[in-house]
Amino acid sequence: MNLERILLIVVVAVAVLAAIPQVPVDASVWGLILVLAGLVAGVMNSNDDASERLLVYVIAVALPTIAGSLDSIPVVGPWVGAVLGSVATGLQGLAVGLFLMALKNR
């Protein structure tokens, strides 16, 4: 397993932890961890495929909208929406890292 996959697993694990209200950590700390893990994963991404970068950009924009609409589902909707919103924060960091590396390669 390479470091990029490990960082994406870290993003998902931190997103799940951030959605649990009983964990006594400030929300800004979770956001910082998510963005930093996403940035590092984006910078370390060795694939120069433009379609993969475009997919990450589209998901980074669309996922917060999808996560916000899940609040209307009773019981699990807000929790799943919080997890997806946190994953979207990590993916937005990944998108910024991919953009910076694409800019550097130009």
Side-chain angles (χ1 to χ4, degrees):
M1 191 180 298
N2 59 8
L3 189 58
E4 294 171 34
R5 284 191 177 176
I6 292 172
L7 286 171
L8 291 178
I9 291 170
V10 166
V11 166
V12 172
V14 170
V16 169
L17 285 174
I20 299 172
Q22 288 83 9
V23 177
V25 178
D26 191 21
S28 62
V29 174
W30 291 127
L32 178 66
I33 293 170
L34 288 166
V35 169
L36 286 179
L39 274 172
V40 171
V43 168
M44 295 187 69
N45 192 346
S46 60
N47 192 358
D48 291 331
D49 188 17
S51 62
E52 180 181 326
R53 286 195 315 264
L54 181 64
L55 177 67
V56 171
Y57 299 149
V58 169
I59 290 174
V61 170
L63 194 57
T65 305
I66 295 168
S69 67
L70 291 175
D71 290 339
S72 62
I73 299 173
V75 181
V76 296
W79 189 81
V80 174
V83 170
L84 285 180
S86 296
V87 169
T89 302
L91 286 178
Q92 289 165 351
L94 176 74
V96 169
L98 286 174
F99 176 74
L100 291 176
M101 292 311 292
L103 199 61
K104 180 192 81 82
N105 292 337
R106 288 258 174 187

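The first residue of the sequence shown is numbered 1, and numbering continues consecutively from there.
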So does Ala60 get a backbone contact from the side chain of Gln92, meaning a donor-acceptor N/O pair under 3.5 Å? yes
How many angstroms lie between atom [atom1] of [X] and atom [atom2] of [Y], to the nearest 0.5 angstrom?
X     : Y     : atom1 : atom2 : result
Leu94 : Leu34 : CG    : CG    : 12.0 Å
Trp79 : Ile20 : CH2   : CD1   : 6.5 Å
Thr89 : Leu63 : OG1   : CG    : 9.0 Å

Cluster check [X], [Y]: I/L/V/M/F/W/Y, side chain < 4.5 angstrom:
X     : Y      : result
Val56 : Leu103 : yes
Val83 : Val75  : yes
Phe99 : Leu91  : yes
Val43 : Val11  : no
Val58 : Leu55  : no

Could you tell me which non-hydrogen atom of [X] sits nearest to which non-hydrogen atom of [Y], and how far apart they are?
X     : Y     : answer
Ser51 : Asp49 : OG-OD2, 2.9 Å
Glu4  : Met44 : OE2-O, 2.8 Å
Asp71 : Pro78 : OD1-CA, 3.4 Å
Ala67 : Gly81 : CB-O, 3.4 Å

Do [X] and [Y] come close enough that some side-chain heavy atom pair is under 4.5 Å?
X     : Y      : value
Leu39 : Val35  : yes
Tyr57 : Leu98  : yes
Val80 : Ile73  : no
Asn45 : Met101 : no
Ile33 : Val29  : yes

